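Just so it is clear, the model here is predicted, and its values are computed rather than measured. Each ligand, and each atom within it, is numbered from 1 in the order the structure gives. FYI, side chains are in, hydrogens and waters are out, and symmetry mates aren't considered; it's all heavy atoms of this structure.
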Amino acid sequence: MLDSTAKLHPPAPTPRLKPLGPLALLRVLASNPLEAWTKAHFEKPIVMGGLSIGRVALVSDPAAIRRVLMDNSQNYHKDWLQRRVLSAGLSNGLLTAEGQQWRTQRRALAPLFARRTILSFSAAMIDAAAALVGRLKLRDGQIEDIAVEATRLTLEVLERTMFSDGLGRSPEEIRLAMKHYFEAIGRLDPFDVLGLPNWVPRLSRWKLRPMLRLFESAIDAIVSTRRRRIAEDLDSVPRDILTLLLEARDPETGEGLSEVEVRANILTFIAAGHETTANSITWSLFLLSQSPEWRRRVQAEADRELDGDVEGLAERLVETRAVIDEANRLYPPIAAISRAALAPDELAGEPIRRGTMVVIAPYVLHRHRALWADPDAFDPNRFLDGARERIDRFAYLPFGVGPRICIGATFALQEASIVVATVMRHFTLELAPDHAVWPVHRVTVRPSGGLPMIVRRRWR
Ligand code: HEM
């Protein structure tokens with residue numbers, strides 16, 4: 001058994017001793033919000049603070065989190081800053097909708113992500129992983145940006161599972177447009193943080209326009225092709241997520257989605273599903289490159305399990321999944337979940353005024369000194385052999401919790417398990433010399449400058 005000093009402590013900013021002043025804070029929030037957190041954030045159940053936009057409460061007390069995201073969730077709506085950042089193109093989609101519109105959509109869309117449907121996507125995920133292996137085999141001994149490859153792969157999985165008619169454009173074109181789109185929305189616009197009204201033009205918003213137009217025309221092409229096929233011959237239409245989306249009905253009202261909502265949800269699934277899962281895969285592969293012990297364990301599991309029954313595959317990849325869960329703890333792709341209080345409340349002994357922005361930051365929560373032993377250490381054993389059951393349900397939230405929990409969690413975990421095991425079965429990845437990995441928070445938590453790795457074929 002290794003002692004804790006021998007454990008891997010992967011790169012992360014050291015918490016600041018004191019909070020930053022207002023101008024420096026704005027600068028850090030725009031470049032990398034992970035570098036703004038202070039020691040107090042990682043030690044206290046709640047930290048009250050203020051930005052020029054108003055009062056902010058960072059909540060890390062599990063009971064208070066339960067109150068915000070579950071028991072009293074009707075008092076906490078997605079806050080305007082988040083909606084503003086995400087609104088371009090995604091408004092009217094499940095991620096940003098509120099009230100009755102959200103309820104109707106969530107009920108209608110739930111069957112698209114039912115366990116049985118996701119299991120039926122195993123084969124498509126295995127095929128996409130095999131295509132990635134094929135690409136990497138051509139690069140044996142060379143340096144590849146694994147973050148780029150993971151993003152390409154997750155887009156391919158979406159294409160195969162959601163839009164099996166294709167994306168209407170080349171996946172590469174969409175991938176690049178998506179990358180620019182995320183870069184543009186990923187920086188908090190200082191004007192938003194300052195609370196300037198919407199009519200003040202934002203440079204970041206202007207940059208988005210051509211990207212949005214490209215997506216909208218690609219999506220319109222996908223939907224109209226599919227509608228035509230459904231009208232011509234329903235029997236020959238693929239039972240993928242797009243068909244299910246076009247057929248989706250709220251079971252209580254029988255209502256379907258409007259054309260605008262269909263488009264917004266397609267964009268939402270691409271936006272919410274591809275960069276997040278890609279980062280989860282990227283961080284898992286990085287951590288495995290740093291830990292010979294876990295690399296051996298995952299490779300042994302992959303050798304043992306990958307040739308068996310396809311549908312139940314992800315469930316047999318227990319150690320691989322523990323590595324992914326630990327990667328999602330240390331580098332949660334969604335680093336912060338935020339809400340606005342609609343009415344006064346009390347959280348962890350602090351009065352919460354109406355309008356307060358309540359932030360639950362998985363990045364902070366997952367490294368909180370009061371909730372985890374040796375929180376900055378990489379240790380997938382936390383998720384194995386009954387240890388998982390001892391983790392407080394409200395202390396580990398890579399996918400959120402409560403009514404707005406990620407609808408794609410099972411999809412993402414199944415995909416990541418299959419891909420990480422498949423890559424590890426065929427390759428040993430080694431960080432490129434002289435490359436320092438550093439996490440940066442831009443909508444998702446990703447390695448700054450990508451993840452260049454030497455790809456070495458494994459000969460079994
Ligand atoms: C590792 C991968 C993923 C992570 C870490 C992740 C994380 C999250 C989190 C934290 C939330 C809750 C946000 C909140 O409460 O404010 C969320 C919601 C959501 N996610 Fe994911 N997600 C992932 C993959 C996916 C995938 C693959 C899809 C779809 C294909 C997806 C679609 C959504 C949608 C539509 C919502 C909004 C649900 C609602 O409000 O009802 N996500 N995700």
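The shortest N/O to N/O separation between R106 and ligand 1 falls below 3.5 Å. Below 3.5 Å of separation, one finds no N or O of T268 facing any N or O of ligand 1. In terms of N/O distances under 3.5 Å, ligand 1 is approached by R404. Among the atoms of S280, none of the N or O lies under 3.5 angstrom from an N or O of ligand 1. When only interatomic distances are considered, the shortest N/O to N/O separation between T276 and ligand 1 does not fall below 3.5 Å.
Taking a cutoff of 4.0 Å between a charged side-chain nitrogen and a carboxylate oxygen, E311 and R116 do not qualify as a salt bridge. Salt-bridge formation is detected for the pair R382/E326: a Lys NZ or Arg NE/NH1/NH2 atom is positioned less than 4.0 Å from an Asp or Glu carboxylate oxygen.
The distance from atom CG of L94 to atom OG1 of T268, rounded to the nearest 0.5 Å, is 7.5 Å. Here the straight-line distance linking atom NZ of K7 with atom CG of N381 works out to 8.0 Å at 0.5 Å rounding. Atoms CE and CZ, on M424 and R297 in that order, are 13.0 Å from each other to the nearest 0.5 Å. The structure places NE2 of H41 at 13.0 Å from OH of Y363, a figure rounded to the nearest 0.5 Å. If you take CG on L451 and CG on L285, they are separated by 8.0 Å, rounding to the nearest 0.5 Å.
Comparing Q105, R339, Q414, K78 against atom 15 (O) of ligand 1, the shortest heavy-atom distance belongs to R339. Taking each of G402, G273, P403 in turn, the one with a heavy atom nearest to atom 26 (C) of ligand 1 proves to be G273.
Under a 3.5 Å cut-off, the side chain of D240 and the backbone N or O of T243 do form a donor-acceptor pair.
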Walk me through it: do F411 and F269 pass the test ring pair (Phe, Tyr, Trp, His ring centres under 6.0 Å)?
CA-CA 11 Å; F411 184 101; F269 295 157; 9.1 Å; no
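Taking a cut-off of under 4.0 Å to the non-hydrogen atoms of P333, the atoms of ligand 1 that pass are 5 (C). In the vicinity of W102, heavy-atom distances shorter than 4.0 Å reach the ligand 1 atoms 39 (C), 40 (O), 41 (O). The ligand atoms of ligand 1 that sit less than 4.0 angstrom from a heavy atom of I407 are 34 (C), 35 (C). Those atoms of ligand 1 with a heavy atom of G400 less than 4.0 angstrom away are 10 (C). Close approach of ligand 1 to L95 is summarised as follows: ligand atoms under 4.0 Å from at least one heavy atom of the residue are 18 (C), 19 (C), 36 (C), 37 (C). For ligand 1, the atoms closer than 4.0 angstrom to any heavy atom of F113 are 29 (C), 30 (C). Atom numbering of ligand 1 starts at 1 in the shown order; those under 4.0 Å from a heavy atom of P398 are 5 (C), 7 (C), 10 (C).
Of the candidates N75, I46, V68, V68 is the only one forming a side-chain contact (heavy atoms from CB on, under 4.5 Å) with V358.
Here I337 has side-chain heavy atoms under 4.0 Å from ligand 1, and that is the only part of it that gets that close. The part of F411 lying near ligand 1 is the side chain, judged by heavy-atom distances below 4.0 Å. Looking at M162 against ligand 1, only its side chain comes within 4.0 Å, counting heavy atoms.
Every side chain to side chain donor-acceptor pair (under 3.5 Å) that E305 has, sequence neighbours left out, goes to R316.
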